[in-house]
Student: 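The structure is given below, and queries will be raised subsequently.
Numbering of ligands and ligand atoms starts at 1, following listing order. Only this structure's heavy atoms are used, side chains among them; waters, hydrogens and symmetry mates stay out.
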Amino acid sequence: MKPQAVKGTHDILPAQVPAWRQLEQRVRQTLERAGAGEIRPPVFEHTETFIKTAGESSDLVVQKEMYTFTDRGERSLTLRPEFTPGFLRAYIQHGMHTWPSPVRLWGIGPVFRAENVQRGRYRQFHQVNYEVLGSDSALIDAETIALLYDALSATGLRNLRVRLGSVGDPDDRSAYNDYLREQLSPVADKLTETSQERLRLNPMRLLDAKDPGDRALIEKLRRPLEFLGSAAANHFAEVQDWLRAWDIPFDIDDSLVRGLDYYRRTAFEVHHLGIGAQSALSGGGRYDGLVESLGGPPTAGIGWAFGVERVLDALEEEGQQASDAERPLVFLVALDTEAVAEVAGLSRELRREVAVGYTLTSRKTARGLKDADRSGARFAALRGERERAAGTFEVKNLADGTQHTVAEDDLRRWLLDWENS
Ligand code: AMP
């Protein structure tokens with residue numbers, strides 16, 4: 001059997017890389033124009049960093065999905081299942097609270113989760129992650145959501161919908177959790193095991209339940225938005241005002257909650273209409289208090305992450321083509337043995353300025369032209385005994401079939417002129 005990549009992981013092949021690169025370039029530009037600095041934290045951290053930020057009730061779910069191992073120094077380490085904890089650890093470690101506030105950070109890279117694999121759900125996938133630390137203003141919430149919308153739009157995506165919700169302040173959350181316990185405890189035995197666990201640890205997360213039986217029980221109940229206190233309600237209204245002022249299309253989702261415990265107030269997701277069941281491209285929210293849970297100073301924070309594979313899927317769904325991989329401008333064909341050394345040497349020289357391919361052995365003209373064609377080159381430049389005697393290359397435009405005799409000393413200029421014309 002052929003060797004296989006680990007289930008849920010993928011090679012990103014040369015033909016796919018241009019799409020990745022284009023996405024990264026566009027997102028980088030959008031975020032850095034808004035004042036975000038790129039950070040490249042390590043791929044693994046002390047397991048503790050992820051446990052502390054997950055909070056008590058998220059433990060079970062998060063730990064089950066983590067790739068955790070013990071290193072030779074008996075340390076428990078974990079491949080990052082998300083970026084945020086590493087960003088916050090770095091924020092504390094490097095004293096970023098003394099930097100001009102708020103601090104905007106972004107990053108891109110692989111994350112690892114031991115998930116059930118299906119379309120759009122992998123074990124190594126990639127995220128673009130963005131966080132703003134040091135401001136609890138509603139304007140920052142709106143800016144952060146707008147930036148997510150703008151970054152996704154910059155990739156070329158249309159058909160985006162923002163879903164906006166609020167989980168309220170901690171007191172509002174507890175009031176809602178009490179309400180859910182009160183309503184659901186009498187019928188707890190009708191819930192699935194996972195939902196029973198949530199009911200015990202963090203009832204609000206029941207709103208994420210997928211099981212139809214669970215849903216039927218939950219859908220009759222009141223929503224988190226109905227429990228917002230006046231501070232959270234005002235904040236929520238202000239976020240909406242900004243988004244409306246900037247024409248960001250959004251829908252209020254009165255049962256939107258986020259997985260981790262530390263979220264408060266604003267929660268949001270961006271969905272794509274068209275990629276099916278795994279339609280969530282991105283999720284995020286406000287998490288004041290999370291920095292403190294890692295031992296840092298009290299710091300307000302808000303952020304989001306989007307899944308790169310999902311966004312690329314959605315772009316493909318919309319029929320959007322990324323720019324091509326770089327193809328040779330010219331493919332040099334050696335028609336005799338002596339010419340092999342000539343074209344190899346010339347390739348090195350020309351490659352300082354343009355992409356060049358060449359034949360490693362001498363070729364008959366027809367075969368050489370076929371090689372040139374397969375390389376995707378625009379031109380084939382033939383070199384044999386006749387051309388050597390005349391000091392020329394025979395250049396064929398592979399797109400339109402026209403042929404030109406070009407002096408060897410002029411070839412570089414000729415190609416560059418054509419490329420720049
Ligand atoms: P989360 O960190 O769970 O809020 O996920 C943020 C985004 O990452 C999601 O909206 C997806 O686009 C993407 N994502 C999450 N889990 C996976 C996965 N297992 N495979 C691929 N993409 C994922």
Student: Tell me which one of E82, R121, Q124 satisfies side-chain contact (heavy atoms from CB on, under 4.5 Å) with R113.
Tutor: E82

Student: Just jot down the ligand 1 atoms closer than 4.0 angstrom to any heavy atom of Y122, in number order.
Tutor: 18 (C), 19 (N), 20 (N), 21 (C)

Student: So, does T53 use its side chain to make a donor-acceptor pair with the main chain of F50 at under 3.5 Å?
Tutor: yes

Student: Does R121 reach ligand 1, in the sense of a heavy atom lying below 4.0 Å from it?
Tutor: yes

Student: Scan V187, D214, L184, T194 and name whichever one has a side-chain contact (heavy atoms from CB on, under 4.5 Å) with L199.
Tutor: L184

Student: For a side-chain hydrogen bond (donor to acceptor under 3.5 Å, both in side chains) check, start with the C-alpha distance between W242 and E143, then their side-chain angles and the critical distance, and finish with the verdict.
Tutor: CA-CA 8 Å; W242 287 114; E143 183 199 87; over 6 Å; no

Student: List the closest protein heavy-atom neighbour of atom 12 (O) of ligand 1: residue, atom name, distance to the nearest 0.1 Å.
Tutor: L281 O, 2.9 Å

Student: How far is atom 11 (C) of ligand 1 from its nearest protein heavy atom, and which residue and atom is that?
Tutor: R310 NH1, 3.1 Å

Student: With a 4.0 Å cut-off on heavy atoms, does E115 reach ligand 1?
Tutor: yes

Student: So, taking the atom named NZ in K7 and the one named CD in E115, what distance separates them when rounded to the nearest 0.5 Å?
Tutor: 12.0 Å

Student: Relative to the heavy atoms of G307, which atoms of ligand 1 are at a distance of less than 4.0 Å?
Tutor: 7 (C), 8 (O), 12 (O), 13 (C)

Student: Nearest to atom 21 (C) of ligand 1, what protein heavy atom do you find, and at what distance?
Tutor: G120 O, 3.2 Å

Student: Walk me through it: do R363 and D371 pass the test salt bridge (Lys or Arg N to Asp or Glu O under 4.0 Å)?
Tutor: CA-CA 9 Å; R363 292 280 193 235; D371 289 351; 2.6 Å; yes

Student: With respect to atom 1 (P) of ligand 1, which of E269, H126, R113 exhibits the smallest heavy-atom separation?
Tutor: R113

Student: Does D373 pair with K370 as a salt bridge, N-O distance under 4.0 Å?
Tutor: no

Student: Counting non-hydrogen protein atoms only, what is the nearest one to atom 14 (N) of ligand 1? Give residue, atom name and distance.
Tutor: F125 CE1, 3.4 Å

Student: Go through ligand 1 atom by atom and flag the ones less than 4.0 Å from a non-hydrogen atom of Q127.
Tutor: 2 (O), 5 (O), 6 (C), 7 (C), 8 (O)

Student: In terms of residue, atom name and distance, what is the protein heavy atom nearest to atom 4 (O) of ligand 1?
Tutor: R258 NH2, 2.8 Å

Student: Show me which atoms of ligand 1 lie under 4.0 Å from any heavy atom of S282.
Tutor: 10 (O)

Student: Give me the one residue out of L77, T47, L79 that meets side-chain contact (heavy atoms from CB on, under 4.5 Å) with T68.
Tutor: T47

